[in-house]
Enquirer: 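Sending over a structure as structure tokens; questions will come in a sec.
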Amino acid sequence: MADKIKDAKIIFVVGGPGSGKGTQCEKVVEKYGYTHLSSGDLLRAEVASGSERGKQLQAIMQKGELVPLDTVLDMIKDAMIAKADVSKGYLIDGYPREVKQGEEFEKKIGAPALLLYIDAKSETMVQRLLKRGQTSGRADDNEETIKKRLDLYYKATEPVIAFYESRGIVRKIDSELPVDEVFKQVSQAIDKLK
Ligand SMILES: Nc1ccn([C@@H]2O[C@H](COP(=O)(O)OP(=O)(O)OP(=O)(O)O)[C@@H](O)[C@H]2O)c(=O)n1
Ligand SMILES: Nc1nc2c(ncn2[C@@H]2O[C@H](COP(=O)(O)OP(=O)(O)O)[C@@H](O)[C@H]2O)c(=O)[nH]1
Ligand SMILES: [Mg+2]
């Protein structure tokens, strides 16, 4: 089954909470027809299902901690396989969160062709998340959990960028600019893939 997705283009979308990953991924879907898989959205769907596993996930996410690696990876893999016949490529949003997650992904699925590093200042991310929190209904868009998510991002996720930099596949995107300007940079990076 996993063979089906071996040749598909895989793009990791990495950046801090509120940096604009989801916003840019939506635009990539529109322009390029890639399949967008947000690991956070997959987890929130499991929580919304009300399953026993969802309840455990909810508790972890509310604290801003990382859920067990295998849980997320299995969800991503299943979602990729489900779209294998129609997909030109995959945007893997919010994953890997730590170097180990990247290594496991490559063992079980395949290597990324590109890593989009969506970069914004921490103050910018906090402001965006507090604003999003007014309407998102997300249990983790509150001041206390935002701080924990940011800390974890700098500690665990930033090393992911250095890890892939040595392979030359990282494109740093300045996400302080207006959405369309950010998307220009994203488009340039994807166009180079072809
Ligand atoms: N690979 C992942 C992705 C998400 N999570 C959990 O799901 C939460 C929300 O993830 P996500 O939606 O990706 O959040 P952020 O990147 O913080 O922000 P955004 O949702 O806006 O992308 C994380 O804090 C974490 O608890 C996780 O453990 N492992
Ligand atoms: N000003 C500005 N706001 C943005 C930009 N990108 C995203 N936002 C806003 O920031 C918030 C977080 O964006 P989102 O895409 O959910 O970020 P994610 O957490 O990285 O997935 C949302 O409320 C967006 O509307 C941008 O380039 N400029
Ligand atoms: Mg998001």
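Note that ligands are numbered from 1 as they come in the structure, with each ligand's atoms numbered from 1 the same way.
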Enquirer: Any side-chain heavy atom of K21 within less than 4.5 Å of one from S38?
Expert: no
Enquirer: Answer yes when E104 and K100 have at least one side-chain N-carboxylate O distance shorter than 4.0 Å, and no when they do not.
Expert: yes
Enquirer: Measure up the F12 and Y164 rings against each other and bin them: parallel (under 30°), tilted (30 to 60°), perpendicular (over 60°).
Expert: perpendicular
Enquirer: Answer side chain, backbone, both or neither: which part of L177 comes under 4.0 Å from ligand 2, heavy atoms only.
Expert: backbone
Enquirer: Who passes side-chain hydrogen bond (donor to acceptor under 3.5 Å, both in side chains) against T35, sequence neighbours left out?
Expert: S87
Enquirer: Considering only heavy atoms, which protein residues lie less than 4.0 Å from any atom of ligand 1?
Expert: P17, K21, S39, G40, L43, R44, M61, E65, L66, V67, V72, G94, Y95, R97, Q101, R132, R138, D140, R149
Enquirer: Set out, in order, the CA-CA distance, both residues' side-chain angles and the distance that settles salt bridge (charged side-chain N to carboxylate O under 4.0 Å, His left out) for K77 and D74, then state yes or no.
Expert: CA-CA 5 Å; K77 190 176 174 187; D74 286 347; over 6 Å; no
Enquirer: How would you list, by chain and number, every residue that makes a salt bridge (Lys or Arg N to Asp or Glu O under 4.0 Å) with E103, sequence neighbours excluded?
Expert: none
Enquirer: Using the side-chain hydrogen bond (donor to acceptor under 3.5 Å, both in side chains) rule, collect all pairs that involve residues 53-69, keeping only residues at least two apart or in two chains.
Expert: none
Enquirer: Out of L73, V14, L37, which one pairs with Y95 under the side-chain contact (heavy atoms from CB on, under 4.5 Å) rule?
Expert: L73
Enquirer: Please determine whether a side-chain nitrogen of the Lys or Arg among K184 and D174 lies less than 4.0 Å from a carboxylate oxygen of the Asp or Glu.
Expert: no
Enquirer: State the atoms of ligand 2, each with its element, that fall below the 4.0 Å cut-off from a heavy-atom position in V182.
Expert: 27 (O)
Enquirer: Could you identify the single nearest non-hydrogen protein atom to atom 25 (O) of ligand 2 and state the distance to 0.1 Å?
Expert: T23 OG1, 4.4 Å
Enquirer: Can you sort out which atoms of ligand 2 are near G16, meaning under 4.0 Å from one of its heavy atoms?
Expert: 20 (O)
Enquirer: What protein heavy atom lies closest to atom 23 (O) of ligand 2? Include the residue and the distance to one decimal.
Expert: R132 CB, 3.8 Å
Enquirer: Starting from atom 20 (O) of ligand 2, which protein heavy atom do you reach first, and at what distance in Å?
Expert: K21 N, 2.7 Å
Enquirer: Suppose I only count heavy atoms of G22 and a 4.0 Å limit; which atoms of ligand 2 are within that range?
Expert: 15 (O), 18 (P), 21 (O)
Enquirer: Just go through P178, G18, G40 and tell me whose heavy atom is the nearest to atom 12 (C) of ligand 2.
Expert: G18
Enquirer: Is the shortest side-chain heavy-atom distance between R44 and M61 below 4.5 Å?
Expert: yes
Enquirer: Considering the heavy atoms of G20, write down every atom of ligand 2 situated less than 4.0 Å from one of them.
Expert: 6 (N), 7 (C), 13 (O), 14 (P), 15 (O), 17 (O), 18 (P), 20 (O)
Enquirer: Relative to atom 2 (C) of ligand 2, which among Q127, R128, Q134 owns the nearest non-hydrogen atom?
Expert: R128
Enquirer: Taking only Lys NZ, Arg NE, NH1 and NH2, and the carboxylate oxygens of Asp or Glu, determine whether K147 and D151 approach each other closer than 4.0 Å.
Expert: yes
